[in-house]
**Q** 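Got a structure for you, written out below as structure tokens; questions coming shortly.
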Amino acid sequence: MTVSAPQIKPAPCAFVIFGATGDLTHRLVIPSLYNLAAAGLLPERFCVVGIVRRGMSSDALRDSLMQGLKKFATRPVEDAVAERLLACVTAIEADPRQPDSFDGLKETLERLEAARNTGGNRLFYLATPPDAFAPIARQLGRVGLLQEQDGAWRRLVVEKPFGTDLASAKALNEELLKLLTEHQIYRIDHYLGKETVQNILVLRFANGIFEPIWNRNHIDHVQITVEEKLGVGHRGSFYDATGALRDMVPNHLFQLLSLVAMEPPIRFDAHSVRSEKADVLSAIQIQNEADALKNSVRGQYTGGRIGDAEIVDYLSTPEVRPDSTTETYAALKLSIDNWRWAGVPFYLRTGKALGAKRTEVAIKFKQAPFAMFACTPITRLSQNYLVIGIEPTQGITLQFNTKVPGPAITIDGVEMKFHYKDYFNAEPSTGYETLIYDCMIGDNILFQRADGVEAGWRAVEPFLDAWKKAGATGLERYQAGSAGPQGAEDLLKRDGRSWRIV
Ligand code: BG6
């Protein structure tokens, strides 16, 4: 993430993709590399290596990636740019279940690097299922491909999910940190590739007006909402073992929470920013089992219609256990135990198969004293919210009260809005360009550090444990296309609050 406008070209490097034939590579990685190439932000001396499993030729891989690019590109594909990018793709076979194949990979890669003059800089991108992360890293380490030497860098990009609970995340961190140092590891959370998410830092710390009121003296509570219309679809087997909480909260929702709640970093650099984020996540109060149950809501969708789409009951989804108690909706009430936030609840909710797609952080300010209006016909003041919109609207909205024109004193709530699209002519992007570019220039600011990942898992662990024990008890059913389980409304209602109405 660069602070000033001029962007430098990354140093020459080899970009090695594990999972080159997979969906992520076709849908996001190659279209992002294409966008970087079109913007002149790929190095001249560059090569892409696609790791393939079964005797796939470089030509076949290039064809497949070109088809993917045409399908998923975010802007019209210029043949010359695409051909130039794909011309530097080479398929190499390697499989961690056949360790010898990594000796072959090393030999071929080193030959290719010499031919392309990439200077030995390497980025290994693990776009694979998570159970392959450690085995691949182990083999890369064994053959010496991860060791930084003679001024050449070696980096490992790890996709989500990073672990399935605290113990597995710790084990994966330990394993990787035996092979690499922290600065070589880039743990991706695609939410940090979103402009509006990165903008939270800028909104808070590049403006003098927010910081003085950004605390328990002025903020009543914070709402973080990530609602999706899509059901689980073809991901039944992954999702049923995962659930809404694991899939979204310790990663995406906690990224939003940590950016909103962190202390100001002393410097805009990876160390300072990531330290503050990890600190605030570790200040989330660890709840006991009874509190975790009281402060959470779980839901599972039943069949319904969303627009033109028919959504089948979660329990009838292919590869979902018919008696599954996996949640497709989760809402939590969290407290952050520090001076800034003591007594300010953070309400989080996320779910699938809901009536609308919406991602936002809504900061609700304390109500103004009403006494002055008691002698007027005004019965209530509407609420002051600062809303950071991520989907479907990207921007910032401030809701405040204003006088309705006319002789009598009447007050109404209005909105002041900033929409990204009205100000900047940014080319449509996949959201991965900045992340990939940052890996190439060696800036870890938008990536998760080991302590941050572990703090996130630690905070959700009580909910995971309590829900596992509770089984079907307390799991609410909600209809696909609805606003979610009633319990999520009640969670705020019992505190005299409600979710922001759009
Ligand atoms: C992914 C989850 O990490 O994020 C998906 O695995 C979810 O289940 C997706 O749909 C949401 O991302 P976004 O950018 O659409 O909010």
Side-chain angles (χ1 to χ4, degrees), residues 19 22-25 27-29 31-32 72 74 126-131 133 157-165 169 186-200 223-257 259 298-301 306 309 311 314 317-320 324 326-330 348-362 388-395 420 428-436 446-448 453 456-457 460 480 484:
D23 177 63
L24 183 71
T25 303
R27 203 163 38 84
L28 289 166
V29 180
S32 305
F72 297 112
T74 57
L126 306 190
T128 62
D131 56 358
F133 297 161
V157 183
V158 188
E159 269 291 339
K160 168 189 173 259
F162 198 93
T164 53
D165 55 15
Y186 290 70
R187 298 174 192 81
I188 284 205
D189 183 310
H190 79 274
Y191 266 49
L192 289 173
K194 294 177 191 269
E195 289 292 348
T196 31
V197 175
Q198 294 172 23
N199 189 42
I200 299 174
Q223 303 180 1
I224 302 181
T225 299
V226 182
E227 294 179 333
E228 296 185 81
K229 276 170 128 173
L230 293 177
V232 166
H234 303 298
R235 299 166 78 211
S237 136
F238 159 78
Y239 199 87
D240 206 40
T242 305
L245 182 67
R246 283 191 171 91
D247 190 35
M248 300 295 288
V249 177
N251 34 63
H252 308 327
L253 276 83
F254 277 5
Q255 288 303 330
L256 299 174
L257 179 144
L259 289 168
R298 280 183 299 157
Q300 194 184 65
Y301 64 81
I306 304 180
I311 306 266
Y314 177 70
T317 308
E319 294 180 40
V320 165
S324 167
T326 298
E327 79 289 351
T328 60
Y329 185 103
L348 277 59
R349 61 176 167 171
T350 183
K352 298 246 180 237
L354 297 167
K357 164 101 177 146
R358 182 155 64 111
T359 306
E360 68 170 40
V361 179
I388 300 165
I390 295 156
E391 283 275 350
T393 316
Q394 306 192 333
Y420 257 90
S429 67
T430 63
Y432 263 62
E433 291 80 357
T434 312
L435 298 176
I436 289 178
L446 294 178
F447 296 85
Q448 304 202 75
V453 173
W457 280 116
V460 297

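Excluded from the calculations below are hydrogen atoms, water molecules and symmetry mates; all remaining heavy atoms, backbone and side chain alike, are included. Every number for a ligand or one of its atoms is a count from 1 in the order of the listing.
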**Q** Look at the side chain of Trp457 and the backbone N and O of Arg246, then say whether any donor-acceptor pair between them is shorter than 3.5 Å.
**A** no
**Q** Which is it for Gln223 and Val361 under the side-chain contact (heavy atoms from CB on, under 4.5 Å) test, yes or no, and what are the steps along the way?
**A** CA-CA 6 Å; Gln223 303 180 1; Val361 179; over 6 Å; no
**Q** Give the residue, atom name and distance (to 0.1 Å) of the protein heavy atom nearest atom 6 (O) of ligand 1.
**A** Asp247 OD1, 2.7 Å
**Q** Taking atom NZ of Lys160 as the centre, does the number of heavy atoms from other residues, nucleotides or ligands within less than 6.0 Å exceed 12?
**A** yes
**Q** Is the NZ or CZ atom of Arg187 positioned over Phe447's six-membered ring, under 6.0 angstrom from the centre and within 45° of the axis?
**A** no
**Q** Counting non-hydrogen protein atoms only, what is the nearest one to atom 11 (C) of ligand 1? Give residue, atom name and distance.
**A** Glu228 OE1, 3.8 Å
**Q** Have a look at Lys357, Lys352, Arg235 and point out the one with the heavy atom closest to atom 15 (O) of ligand 1.
**A** Lys357
**Q** Tell me if a side-chain donor or acceptor on Thr196 pairs with a main-chain N or O of Gln394 at a distance below 3.5 Å.
**A** no
**Q** When you measure from atom 16 (O) of ligand 1 to every protein heavy atom, which one gives the shortest distance, and what is it?
**A** Tyr191 OH, 2.5 Å
**Q** Would you say Lys194 contacts ligand 1, with heavy atoms under 4.0 Å as the rule?
**A** yes
**Q** Is the His190 ring parallel, tilted or perpendicular to the His252 ring (thresholds 30°, 60°)?
**A** perpendicular
**Q** I'd like to check which ligand 1 atoms, numbered from 1 as shown, lie under 4.0 Å from a non-hydrogen atom of Lys160.
**A** 1 (C), 2 (C), 3 (O), 6 (O)
**Q** Considering heavy atoms of the protein only, find what lies nearest to atom 12 (O) of ligand 1 and give residue, atom and distance to 0.1 Å.
**A** His190 NE2, 3.1 Å
**Q** Quick check on contacts: which atoms of ligand 1 are under 4.0 angstrom from a heavy atom of His252?
**A** 1 (C), 3 (O), 4 (O)
